[in-house]
Amino acid sequence: MSLASVRAFFAERAPDIAVIELDVSTATVAEAAAAHGVEPGQIAKTLSLQAGDRTVLLVTAGDARLDNAKAKAAFGGKVKMLDLAEVEGVTGHPVGGVCPFGLATSLPVYCDVSLKAWDVVIPAAGDIHAAVRISPDRMVELTGAAWVDACR
């Protein structure tokens, strides 16, 4: 279902972007970087966060770390990671395959400025074996994301 929703998202909004499926797991940044032959920073990881009373997605460079003070400023209050059960429930994607595409629930999406270091990034595509290659600006355009500075 999750991979199917991502495929449908791209079929409708960006048919030029192909979903890449691999035989190996890309559930972690290290696994994804090795599988795609890129630096860990080029992997775009999606964090599911609770920011006050709302759930948001934050897409960051794979080697970036959430900075609590910056995140608090960016989202207007303290943030915390959702637990594993909550993540799949709100995104429709399994942990390791979470991405800002084809979501089960309409969620605000933010992209961290750490992604701007790369011309092309590789976020997951709704499955631990699937990803896409996309420019950070195109990802922002397709998801309606806003840029924030929330990582170090």
Side-chain angles (χ1 to χ4, degrees), residues 2-3 5-20 26-33 36-83 86-128 130-152:
S2 186
L3 178 57
S5 69
V6 172
R7 285 189 187 286
F9 176 93
F10 283 108
E12 178 182 323
R13 297 186 181 149
D16 58 304
I17 297 177
V19 174
I20 303 161
T26 56
T28 67
V29 169
E31 288 174 343
H36 291 282
V38 299
E39 295 294 320
Q42 199 170 355
I43 301 303
K45 65 183 174 185
T46 303
L47 305 176
S48 303
L49 304 172
Q50 190 69 38
D53 61 350
R54 62 192 185 120
T55 300
V56 302
L57 296 183
L58 174 64
V59 187
T60 76
D63 58 358
R65 298 290 169 254
L66 192 64
D67 181 294
N68 287 330
K70 286 182 171 184
K72 186 175 182 178
F75 298 112
K78 186 177 176 180
V79 300
K80 69 173 190 154
M81 302 281 285
L82 296 185
D83 68 38
E86 291 174 308
V87 171
E88 191 164 1
V90 298
T91 66
H93 305 317
V95 171
V98 177
C99 62
F101 319 111
L103 297 167
T105 308
S106 180
L107 296 169
V109 177
Y110 297 88
C111 287
D112 186 73
V113 295
S114 60
L115 294 169
K116 291 185 176 189
W118 305 97
D119 292 333
V120 173
V121 294
I122 305 171
D127 185 87
I128 64 167
V132 296
R133 289 180 177 264
I134 189 170
S135 75
D137 286 334
R138 183 97 187 268
M139 182 166 46
V140 166
E141 173 192 326
L142 290 173
T143 63
W147 288 107
V148 294
D149 183 3
C151 294
R152 51 183 151 92

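Numbers for residues simply follow the sequence, beginning at 1.
- Between the side chain of K70 and the backbone N or O of V148, no donor-acceptor pair lies under 3.5 Å.
- Under the 4.5 Å side-chain criterion, counting only non-hydrogen atoms from C-beta, F10 is in contact with F101.
- In this structure, V59 and L115 have side chains that are in contact, with non-hydrogen atoms separated by less than 4.5 Å.
- Here the NE2-CG distance, from H93 to L57, works out to 8.0 Å after rounding to the nearest 0.5 Å.
- Looking at V56, T60, V140 one by one, the single match for side-chain contact (heavy atoms from CB on, under 4.5 Å) with Y110 turns out to be V56.
- Judged purely by atom type and a 3.5 angstrom limit, T105 has no side-chain atom pairing as donor or acceptor with the backbone of L107.
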Self-check item: Candidate pair I20 and H36, rule side-chain contact (heavy atoms from CB on, under 4.5 Å), full reasoning
Solution: CA-CA 10 Å; I20 303 161; H36 291 282; 4.2 Å; yes
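- Closest of all the heavy-atom pairs between F75 and A51 is CB-CB, 3.9 Å.
- Rounded to the nearest 0.5 angstrom, S114 OG and D149 CG are separated by 8.5 Å.
- Within the 4.5 Å cutoff, the side chain of V121 has heavy atoms near those of the I134 side chain.
- The two residues C99 and A124 come nearest to each other via the heavy atoms CB-O, 3.1 Å.
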Self-check item: Test log, rule side-chain contact (heavy atoms from CB on, under 4.5 Å), inputs L103 and V90
Solution: CA-CA 8 Å; L103 297 167; V90 298; over 6 Å; no
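- Residues K80 and L49 are not in side-chain contact: their nearest non-hydrogen atoms beyond the backbone lie 4.5 Å or more apart.
- Counted within 6.0 Å of CD on E39, heavy atoms from surrounding residues, nucleotides or ligands total 12 or fewer; the atom is thus considered open.
- Closest of all the heavy-atom pairs between P123 and M139 is CG-SD, 4.2 Å.
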Practice problem: Show your working on side-chain contact (heavy atoms from CB on, under 4.5 Å) between I43 and T26 and close with a plain yes or no. | Solution: CA-CA 10 Å; I43 301 303; T26 56; over 6 Å; no
Practice problem: Might you work through the side-chain contact (heavy atoms from CB on, under 4.5 Å) test for V87 and V98, ending with a clear yes or no? | Solution: CA-CA 8 Å; V87 171; V98 177; 3.5 Å; yes
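- Between the CG atom in L3 and the CD1 atom in I128 there is a gap of 11.5 Å [rounded to 0.5 Å].
- Looking at every heavy atom in both residues, V132 comes nearest to A18 through CG1-O, 3.7 Å.
- For the residue pair Q50 and T55, a side-chain donor N or O sits within less than 3.5 Å of a side-chain acceptor on the partner.
- Side chains of M81 and S48 form no contact here, defined as non-hydrogen atoms less than 4.5 Å apart.
- Taking the side chain as every heavy atom from C-beta outward, L142 and F9 approach each other to under 4.5 Å.
- Of all heavy-atom pairs between P108 and R54, the closest is CG-NH1, 4.1 Å.
- Here R138 pairs with D16 in a salt bridge; the nearest charged N to carboxylate O distance falls below 4.0 Å.
- Defined by atom type and a distance below 3.5 Å, a donor-acceptor pair is missing between the side-chain atoms of S135 and D137.
- The side-chain heavy atoms of S2 and P94, taken from C-beta on, include a pair separated by under 4.5 Å.
- Put simply, the side chain of E31 gets close to the backbone of A27: a donor and an acceptor are under 3.5 Å apart.
- Closest approach of K78 to K72, counting heavy atoms only: N-CG, 3.9 Å.
- Checked by atom type and distance alone, the side chain of D112 pairs as donor or acceptor with a backbone atom of A150 at under 3.5 Å.
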